[in-house]
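Below is one structure, written out as structure tokens; comments come after it.
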Amino acid sequence: MPTLGPTRRVDAPGAVAFLLDLSSLRYLLPFLGRERTVSEVAPEVGLSPNSLLYRVRRMCALGLLEVARLEPRRGRSVKVFRSSAEGFFI
């Protein structure tokens with residue numbers, strides 16, 4: 001998917017299908033243009049963190065979401081995600 005400034009052209013069939021499905025798109029919107037953790041977004045979209053994490057991993061695999069940074073803490077670091085672009089062009 002080539003990047004076009006803050007907008008990314010999407011032509012991979014799986015990513016296109018995800019973006020056209022409004023029920024799936026609601027999981028991407030909280031990450032659009034800002035950094036958020038799964039724990040922050042889960043209550044906002046009405047899911048448990050584990051259920052949202054499944055969808056976040058899928059969005060990462062589709063190239064729609066990426067790890068922006070890791071927040072160090074005791075034990076495992078917390079991943080902070082953001083959309084891979086500020087807008088998507090299908």
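Everything numeric here is computed off the predicted structure, so don't read it as measured data.
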**Prompt:** Does the side-chain contact (heavy atoms from CB on, under 4.5 Å) test come out yes or no for Lys79 and Leu70, once each step is laid out?
**Reply:** CA-CA 5 Å; Lys79 290 180 182 177; Leu70 296 174; 3.4 Å; yes
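- Across Glu40 and Glu35, no two heavy atoms sit closer than the pair OE1-O, 4.3 Å.
- Closest approach of Leu62 to Phe18, counting heavy atoms only: CD1-CB, 3.8 Å.
- Follow the hydrophobic side-chain contacts under 4.5 Å out from Tyr27 and you never reach Tyr54; the two are in separate clusters.
- More than 12 heavy atoms of other residues, nucleotides or ligands lie within 6.0 Å of CZ in Arg73, so this atom counts as buried by the packing criterion.
- A salt bridge links Arg69 with Glu71: the closest approach of a Lys/Arg side-chain nitrogen to an acidic carboxylate oxygen falls below 4.0 angstrom.
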**Item:** Verdict with supporting geometry, Arg8 and Ser84, side-chain contact (heavy atoms from CB on, under 4.5 Å)
**Value:** CA-CA 8 Å; Arg8 176 168 282 179; Ser84 58; 3.2 Å; yes
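- Side-chain contact between Thr37 and Phe81 is absent, with no heavy-atom pair separated by less than 4.5 Å.
- Under the 3.5 Å distance criterion, with hydrogens and angles disregarded, no donor-acceptor pair is assigned to the side chains of Ser48 and Asn50.
- By the criterion of side-chain heavy atoms lying less than 4.5 angstrom apart, applied directly or through intervening Ile, Leu, Val, Met, Phe, Trp or Tyr residues, Phe31 is grouped together with Leu29 in one hydrophobic cluster.
- Between the side chain of Arg26 and the main chain of Leu22, no donor-acceptor pair closer than 3.5 Å is present.
- Taking hydrophobic clusters as Ile, Leu, Val, Met, Phe, Trp and Tyr residues chained together by side-chain heavy-atom distances below 4.5 Å, Met59 shares a cluster with Val45.
- Atoms CG and CZ, from Leu64 and Arg58 in turn, are 9.0 Å apart once rounded to the nearest 0.5 Å.
- Contact between Ala42 and Leu52 at its shortest, heavy atoms only, is N-CD2, 3.5 Å.
- Across Ala15 and Val10, no two heavy atoms sit closer than the pair CB-CG1, 3.4 Å.
- Under the 4.5 Å side-chain heavy-atom criterion for ILVMFWY residues, no single connected hydrophobic cluster contains both Val56 and Val80.
- Counting heavy atoms from C-beta outward, Leu32 and Arg82 have side chains that stay 4.5 Å or more apart.
- Both Leu28 and Leu20 sit in one connected hydrophobic cluster of ILVMFWY residues. Membership requires side-chain heavy atoms under 4.5 Å apart, directly or through other members.
- Closest non-hydrogen pair, Pro72 versus Ser77, comes out as CA-OG, 3.9 Å.
- Scanning all heavy atoms of the two residues, the minimum distance from Glu86 to Gly33 falls at CG-CA, 4.3 Å.
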